[in-house]
J.: 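Handing you a structure now.
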Amino acid sequence: MSALILALAAGAVVGLALGALGGGGSVLAVPALIYLLGFTPAAATTASLIIVTATSLTALYAHARTGNVRWKAGALFAAAGLLPAAAAGAAASRLPQVLLTAAFAAITALAAVKMLRPGRTGGDRTTTVRPAKAAGTGAGLGALTGLLGVGGGFLAVPALVGVLAFEMQAAVGTSLLVISANSLASLATRGATTAGVDWALIGPFTGAAILGAWDGKRLATKVAGTLLQRTFAVVLLAVAAFMLIDALT
């Protein structure tokens, strides 16, 4: 019962982050699965992909209804990451558990730093697609998704703002398209590993995350994006420090 309650609570927080920020949920999902629910790092990354895929698709639908998804540019960005996501997903199960944990801690710290740095959130800008930059960034995000089980939204949002000149709301919505595509591609190469996933915990975790994503979407319209990002960044820094210490000791 206690594990079920923990799964529901963690799922709600993950969904809230994805719905409000367009990313960041998976960098909480993996440590929650490892330290709260007892998953191994490899199993946690696979389970995280299941959770993130379902939640991202739900949040994508919510943002699409309000016109915040740029489908053409998002599809180009996502397509570049499909093969790297699949290849990295296949390689992840062969890497040492300690290495996965340390790498995840480093990525989590990077996400926190990027959220703490002031970004461009300006209003109306043109959205001219720069194919080479979009493809290169998309490929890197895809590889990150496959290897560590993270959707890459915490990097996709600033990339869409900086590389493709998206306004923030469109970047958040479009990042969910990228996350969904990359997560599905990585999951396709991990089909055999899902047999060891504890569905009794992952099911409630995912359900709570999906409901949290809708709340996150509503929260994003009421609370300043800067405040949301900074609060979440502080949480991520604490998680990264804990995981890095655990990996090194």
J.: Counting C-beta onward and ignoring hydrogens, is there a side-chain heavy-atom pair between Trp214 and Thr58 closer than 4.5 Å?
T.: yes
J.: If I compare all heavy atoms of Trp199 with all of Pro204, which pair ends up nearest, and what's the gap?
T.: O-CD, 3.9 Å
J.: Distance check, rounded to the nearest 0.5 Å: Thr206 atom OG1 versus Leu211 atom CG?
T.: 11.0 Å
J.: Please say whether more than 12 non-hydrogen atoms of neighbouring residues, nucleotides or ligands are located less than 6.0 Å from CG in Leu83.
T.: no
J.: What's the shortest heavy-atom distance between Leu6 and Leu37, and which atoms?
T.: CB-CD2, 4.1 Å
J.: Identify the heavy atoms of Ala10 and Ala32 that sit nearest to each other, and give their distance.
T.: CB-CB, 3.9 Å
J.: According to a hydrophobic-cluster definition based on side-chain heavy atoms being under 4.5 Å apart (Ile, Leu, Val, Met, Phe, Trp, Tyr only), do Val69 and Tyr61 belong together?
T.: no
J.: Would you find a donor on one side and an acceptor on the other, under 3.5 Å apart, between the side chain of Thr174 and the backbone of Arg70?
T.: yes
J.: Kindly indicate, with the supporting measurements, whether the criterion side chain to side chain contact (heavy atoms under 4.5 Å, CB included) is fulfilled by Phe39 and Val30.
T.: CA-CA 9 Å; Phe39 282 60; Val30 171; over 6 Å; no
J.: Might you point out which heavy atoms bring Leu33 and Ala47 nearest each other, and give the distance in Å?
T.: CD1-CB, 3.8 Å
J.: Between atom CD1 of Ile245 and atom OG1 of Thr101, what is the distance when rounded to the nearest 0.5 Å?
T.: 13.5 Å
J.: Might you point out which heavy atoms bring Ala213 and Ala59 nearest each other, and give the distance in Å?
T.: CB-CB, 4.2 Å
J.: Please say yes or no: joined through hydrophobic side-chain contacts below 4.5 Å, possibly via intermediate residues, are Ile34 and Leu201 part of one cluster?
T.: yes
J.: Identify the heavy atoms of Ala181 and Ala78 that sit nearest to each other, and give their distance.
T.: CB-CB, 3.8 Å
J.: Are the side chain of Ser175 and the backbone of Val172 linked by a donor-acceptor contact shorter than 3.5 Å?
T.: yes
J.: What distance separates Leu57 CG from Ser180 OG, expressed to the nearest 0.5 Å?
T.: 4.0 Å
J.: From Asn182 CG over to Thr53 OG1, what is the distance, rounded to the nearest 0.5 angstrom?
T.: 9.5 Å
J.: According to ring-ring contact (aromatic ring centres under 6.0 Å, His included), who are the partners of Phe242, at least two apart in sequence or on a separate chain?
T.: Tyr35
J.: Which value, rounded to the nearest 0.5 Å, describes the distance between Thr55 atom OG1 and Ile50 atom CD1?
T.: 11.0 Å
J.: Is the side chain of Thr66 donor-acceptor paired with the backbone N or O of His63 at a distance under 3.5 Å, no angle test?
T.: yes
J.: Evaluate side chain to side chain contact (heavy atoms under 4.5 Å, CB included) for Ile202 paired with Ile51, printing each intermediate quantity in order.
T.: CA-CA 7 Å; Ile202 296 306; Ile51 295 162; 4.1 Å; yes
J.: Please say yes or no: joined through hydrophobic side-chain contacts below 4.5 Å, possibly via intermediate residues, are Ile210 and Val14 part of one cluster?
T.: no
J.: Please check if Leu176 and Leu82 belong to a single hydrophobic cluster, counting links between Ile, Leu, Val, Met, Phe, Trp and Tyr side chain heavy atoms closer than 4.5 Å.
T.: no
J.: Here's a test for you: under side chain to side chain contact (heavy atoms under 4.5 Å, CB included), which of Leu177, Val178, Asn68, Ile179 qualifies with Leu60?
T.: Leu177
